[in-house]
Number of protein chains: 2
Amino acid sequence: MKRSRSAVAADPHERIVAAAAQVFASSGFEGARIDEIAERAGINKAMLYYHVGDKERLYSAVLLESIERALSLLRAAAATAGSPSEKLQAVLDTLAAFGTSNPEFIPLIMREVASGGRNLPDEMFVRMGAVFRVVGDVLAEGVEQGVFRPTDPLLTHVTLVGALMYLLATEPVRQRVARAAGLPVADHNPAHLARHVGNLFLHGLEAAPAASRKTVTRKRREGSR
Amino acid sequence: MKRSRSAVAADPHERIVAAAAQVFASSGFEGARIDEIAERAGINKAMLYYHVGDKERLYSAVLLESIERALSLLRAAAATAGSPSEKLQAVLDTLAAFGTSNPEFIPLIMREVASGGRNLPDEMFVRMGAVFRVVGDVLAEGVEQGVFRPTDPLLTHVTLVGALMYLLATEPVRQRVARAAGLPVADHNPAHLARHVGNLFLHGLEAAPAASRKTVTRKRREGSR
DNA sequence: GTCTATATACCGATAGAC
DNA sequence: GTCTATCGGTATATAGAC
């Protein structure tokens with residue numbers, strides 16, 4: 001057991017980590033300023049070093065604390081009663097909700113992915129493996145029941161989770177792109193985005209099922225709109 | 001017409017932009033050091049400022065030059081003869097190939113997405129809109145022909161492209177995760193990743209087609225393996 | 001445990017000689 | 001056009017008083 005989590009976070013360590021998560025997420029590791037983190041945590045810079053050590057240790061603490069919370073939520077979602085499809089959708093919904101109530105999480109992960117995970121502490125890979133296992137088990141269950149096609153589980157997991165995180169993270173960019181392209185500008189809530197990803201991945205984009213086989217390609221199955 | 005593109009890039013401007021792309025991609029905007037860019041371009045720091053101006057202008061030049069090249073390749077891919085599904089797969093293949101022969105591109109884009117596009121110049125949004133239109137047109141064509149289900153095209157485009165870019169970018173992270181989780185470590189080539197995404201998106205994960213409708217859920221359609 | 005003051009280093013940008 | 005030298009600003013990290 002580590003520290004108790006309270007809403008106001010009286011614990012200096014927690015206040016610092018929470019503030020650091022925000023700054024690291026919005027500015028990256030190199031761009032984050034210790035002064036800004038200290039200020040946002042409401043303490044002095046010297047105190048920050050006293051409590052959590054240098055910038056690198058603080059960064060590791062932020063990442064580990066984030067993924068730890070995400071992991072336990074995702075595990076709970078996958079333990080939901082229901083079909084593998086429903087479990088997978090529950091995982092996506094949970095990830096979207098977590099990414100929204102913890103807006104630092106997705107930028108943090110995406111920056112690390114962009115840098116090839118160069119600054120990731122070893123413990124992070126273990127946690128990421130645990131997250132994979134949550135999705136991987138659902139996929140395996142689906143294949144076993146014959147409701148999922150067999151695929152490379154790690155690739156499918158990354159595809160699924162990456163697509164949703166990307167969709168969530170691009171919200172502001174997407175709106176500006178829509179404006180620049182003369183498209184209708186819509187702001188989608190996270191739940192909607194999770195459903196879009198789930199729908200797309202579960203049923204596929206093609207209207208005709210398995211049209212690539214040697215079965216007859218059914219053109220224009222009427223009543224589709 | 002701007003400048004001629006040669007392999008060795010005798011033009012100082014090009015050498016600088018190419019070097020900057022590498023450094024910005026691996027260190028981010030704030031983390032990138034002008035000295036390192038100059039050194040990697042084989043010129044003096046003062047010359048860098050003489051040729052391209054300050055850090056921000058250099059960054060914009062890198063982004064615009066990258067997406068411009070990607071855009072023309074993607075347009076060519078979408079102009080391929082074939083079904084909408086084949087065109088979509090061609091676009092994915094092209095993006096994967098481009099991301100591989102231009103390893104700076106995906107990290108650059110992902111970092112910007114992670115920061116909400118805060119440092120993106122206005123011209124970038126126009127280009128990103130053009131990239132969307134390439135995919136959007138293929139999607140519209142597929143819907144028109146009745147082979148694609150109608151979806152929000154912008155969301156589907158971002159989901160598709162985001163999934164592939166994420167898959168490509170996580171290659172090194174994925175291997176370390178696999179090692180930490182005791183999974184078989186595989187290094188997939190970009191073409192394979194593009195096919196994984198295309199396959200998943202086009203046909204979906206579910207073995208039974210449209211099982212969510214009121215049609216009979218066909219359990220265990222035999223001969224699936 | 002908390003804060004002020006500062007050491008130390010580095011970075012972006014430019015001045016100015018050639 | 002090219003380079004050296006350097007200015008001005010700011011960053012991480014710590015020393016030391018309280």
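Chain letters run A, B, ... following the sequence lines, proteins first and then strands; every chain starts at 1. As the structure is a prediction and not an experimental result, all values here were calculated from the model.
- Sequence neighbours left out, not one pair with a member in residues 98-113 of chain B passes salt bridge (Lys or Arg N to Asp or Glu O under 4.0 Å).
- Atom CZ in B:R15 sits roughly 14 Å away from atom P in D:dG1 (whole-Å rounding).
- At whole-Å resolution of the value, CD in B:E36 and P in C:dC11 are 10 Å apart.
- Scanning for ring pair (Phe, Tyr, Trp, His ring centres under 6.0 Å) contacts around B:Y59 gives B:F24, B:F29, with sequence neighbours left out.
- To the nearest 0.5 Å, atom CD of residue A:E68 and atom CG of residue A:L73 are 11.5 Å apart.
- Within the structure, side chain to side chain donor-acceptor pair (under 3.5 Å) pairs that include any residue of residues 154-177 of chain A comprise A:T151-A:T156, A:T156-B:H196, A:T170-A:R174, A:E171-A:R174, A:E171-A:Q175, A:R176-B:D122 (at least two apart or interchain).
- Between the OH atom of A:Y50 and the C1' atom of C:dT2 there is a distance of 9 Å, rounded to whole Å.
- Applying the salt bridge (Lys or Arg N to Asp or Glu O under 4.0 Å) test to residues at least two apart or on different chains, the pairs with a partner in residues 133-142 of chain B are B:K87-B:E141.
- A donor-acceptor pair shorter than 3.5 Å can be found between the side chains of A:R40 and A:Q22.
- One distance of note links CG of B:L58 with CG of B:L48; it measures 6.0 Å at 0.5 Å rounding.
- The interatomic distance linking A:I16 (CD1) with C:dT2 (C1') rounds to 12 Å, in whole Å.
- Panel note: side chain A:K55, backbone A:A32; a donor-acceptor pair is recorded below 3.5 Å.
- Atom pair B:I37:CD1 and C:dC10:C1' shows a separation of 16 Å (rounding to whole Å applied).
- Remark: P of C:dC10 and CD of B:E39 are 14 Å apart, rounded to the nearest angstrom.
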What string of B, S and - do you get for nucleotides 11-18 of chain D, 5' to 3', when a contact is any protein heavy atom under 4.0 Å? SBBBB---
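- Nucleotide C:dG1 holds its P atom 13 Å from the NE2 atom of A:H13, rounded to whole Å.
- The stretch residues 115-124 of chain B has no heavy atom under 4.0 angstrom from DNA chain C at all.
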